[in-house]
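Structure first, then comments.
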Amino acid sequence: MSAPRLTIIVPCYNEAAVLPKSSQVLGEILTTMIQTKQVNPRSQILFVDDGSSDQTWSLIRQLEQTNLIFSGLKFSRNFGHQNALMAGMQVAGQFADAVITIDADLQDDPQLIPKMVTQFNDGNDIVLGVRNDRSSDSTFKRWTAETFYELMCRIGVQLVPNHADFRLLSHRAVQALMEYSETNLFLRGIIPQLGLPTSKLFYRRKPRFAGESKYPFKKMLAFALDGITSFSIAPIQAIMVLGIGVILISLGMLVYTAIRFFTGNAINGWTSLMMSLWFLGGIQLIGISVIGTYIGKIFAEVKHRPRYIIEIDDYSAAQQPQLVAKSSRG
């Protein structure tokens, strides 16, 4: 069997601080794999600039000039990490036998890439990088991650705990993934649904090499809520359970009030009345907000707007030099 043509996809959003190091590490790994004939010589590293406001794109352009294994894709604006991954896979999937997605911050172990390709050659369409040691994370981040994965499993979402977006997908897996057209993307929930042969490789999560995390607590919370509401109606069902509970409590209060009334001990209390109003009002607002979240997601889906807009695609041009030559001749 001939060596597979591999594309390593690296989403970048304001990664100027870490890009020189990550490009060096990934470039050395891919060059070694090409020299040892583990992958095709036309294998590349594709950086997807997700609307960065720093020098990320200019650095990508410099890398393209220094080595042909580097290529870039530039969004017209910031469309988000998940969309950057999808764009990279959609563009590279037209040419590559397999793609690997990995973040630019070097927290995922890039030394696992050759092993992923070996697993691919053994017949696996999907190879997941799974963290088995999060000691480099803060206590709070570890706790929130564990809580999130446990919650997702409890509500029935097929999810691989401690797997983020470090994975290999075969050409077949990428084509299957592109059939999922939803606007609200949660890739780590979609990938297990593909059902293709899958293997796992475990690694220790490293501290971020440089720069700042692009997922502060607010974004992490929004990402978690997006994942839950994209794959489960459990929050709506929880509102129904809560409503039944409130009705049972109110029936109990009705019986208690009737007993107090007939025994002559009825007390007209302003405090109890206000507490009941605030309690029921809070439940109603929570219910409306949860239902509104689902309606909002439906609203976003039915508009069928593009998930991203690619301003510059240097990767496709590099894969089809003959087309570039024709266009340059007019």
Side-chain angles (χ1 to χ4, degrees), residues 5-15 26 44-52 56-57 60 71-105 108 116 120 125-129 157-160 163-196 198 214-215 219-220 222-231 297 300-317 319:
R5 188 171 174 180
L6 176 69
T7 298
I8 301 173
I9 299 167
V10 187
C12 303
Y13 177 63
N14 293 338
E15 296 288 6
L26 293 172
Q44 281 199 311
I45 298 170
L46 173 58
F47 294 101
V48 182
D49 181 10
D50 183 21
S52 299
T56 295
W57 181 245
I60 293 172
S71 190
L73 202 68
K74 186 177 187 298
F75 279 175
S76 61
R77 63 172 177 84
N78 178 245
F79 284 92
H81 180 264
Q82 300 290 283
N83 284 319
L85 291 173
M86 283 295 285
M89 288 187 287
Q90 183 173 28
V91 172
Q94 303 174 62
F95 308 98
D97 298 311
V99 301
I100 291 177
T101 57
I102 184 171
D103 289 342
D105 55 19
D108 298 321
M116 286 183 161
F120 165 71
D125 286 281
I126 303 171
V127 184
L128 306 177
V157 180
Q158 294 181 4
L159 206 63
V160 178
H163 164 66
D165 292 302
F166 182 31
R167 64 177 72 91
L168 177 146
L169 296 179
S170 69
H171 176 79
R172 181 170 67 159
V174 172
Q175 295 305 308
L177 178 61
M178 292 305 140
E179 297 296 322
Y180 289 75
S181 59
E182 59 251 49
T183 300
N184 301 285
L185 284 170
F186 187 68
L187 289 175
R188 65 188 73 177
I190 296 175
I191 298 299
Q193 294 188 355
L194 299 182
L196 296 171
T198 302
K214 303 305 181 294
Y215 270 93
K219 278 193 173 182
M220 287 173 57
F223 184 67
L225 290 174
D226 196 37
I228 292 170
T229 54
S230 293
F231 285 88
K297 293 173 81 71
E301 295 290 346
V302 298
K303 288 186 291 186
H304 300 297
R305 290 180 178 175
R307 288 185 291 211
Y308 48 81
I309 296 175
I310 298 174
E311 180 181 346
I312 302 173
D313 180 4
D314 291 339
Y315 176 88
S316 297
Q319 303 302 313

Please enumerate all residues that pass side chain to side chain contact (heavy atoms under 4.5 Å, CB included) together with [X], with sequence neighbours excluded.
X: Ser52; result: Tyr13, Asn14, Asp49, Asp54, Thr56
X: Gln175; result: His171
X: Asp125; result: Ser170, Arg172, Ala173, Leu196, Pro197
X: Ala176; result: Leu194

Ring pair (Phe, Tyr, Trp, His ring centres under 6.0 Å) partners of Phe75, counting only residues at least two apart
Phe79, Tyr308

Does [X] have any salt bridge (charged side-chain N to carboxylate O under 4.0 Å, His left out) partners at least two apart in sequence or in another chain, and if so, which?
X: Asp314; value: Arg61
X: Arg307; value: none
X: Asp103; value: none

Interatomic spacing from [atom1] in [X] to [atom2] in [Y] - rounded to 0.5 Å:
X: Tyr315; Y: Thr7; atom1: OH; atom2: OG1; result: 3.0 Å
X: Met116; Y: Leu6; atom1: CE; atom2: CG; result: 10.5 Å
X: Leu169; Y: Leu128; atom1: CG; atom2: CG; result: 8.5 Å
X: Ile190; Y: Glu179; atom1: CD1; atom2: CD; result: 12.0 Å
X: Arg167; Y: Ile191; atom1: CZ; atom2: CD1; result: 4.5 Å
X: Gln44; Y: Ile8; atom1: CD; atom2: CD1; result: 10.5 Å

Do you know which two heavy atoms are closest between [X] and [Y], and how far apart they sit?
X: Met89; Y: Leu177; answer: CE-CD2, 3.5 Å
X: Gly129; Y: His163; answer: O-ND1, 3.0 Å
X: Val48; Y: Gly88; answer: CG2-CA, 4.0 Å
X: Ser71; Y: Ile60; answer: O-CG2, 4.2 Å

Quick one, Met86 with Met178, criterion side-chain contact (heavy atoms from CB on, under 4.5 Å). Give me CA distance, side-chain angles, the key distance, then yes/no.
CA-CA 8 Å; Met86 283 295 285; Met178 292 305 140; 3.9 Å; yes

For side-chain contact (heavy atoms from CB on, under 4.5 Å), just list the numbers for Ile9 and Val91, CA-CA rounded to whole Å, side-chain angles, deciding distance to a tenth of an Å, and then say yes or no.
CA-CA 10 Å; Ile9 299 167; Val91 172; over 6 Å; no

For Val10, which of Leu26, Leu46, Ile100 qualifies under side-chain contact (heavy atoms from CB on, under 4.5 Å)?
Leu26

Chi angles and distances behind the side-chain contact (heavy atoms from CB on, under 4.5 Å) call for Asp108, Asp165:
CA-CA 9 Å; Asp108 298 321; Asp165 292 302; over 6 Å; no

Test side-chain contact (heavy atoms from CB on, under 4.5 Å) applied to Trp57 and Cys12, step by step:
CA-CA 9 Å; Trp57 181 245; Cys12 303; over 6 Å; no

Using the side chain to side chain donor-acceptor pair (under 3.5 Å) criterion, which residues pair with Thr101? Sequence neighbours excluded.
none

Does the Asp50 side chain pair with the main chain of Gly80, one donor and one acceptor, at a distance under 3.5 Å?
yes

Given 3.5 Å as the limit, does a donor-acceptor pair link the side chain of Gln82 with the main chain of Leu187, or not?
yes

Salt bridge (Lys or Arg N to Asp or Glu O under 4.0 Å) contacts in which one or both residues fall within residues 78-91, not counting sequence neighbours:
none

Does a side-chain heavy-atom distance below 4.5 Å link Glu15 with Phe47?
no

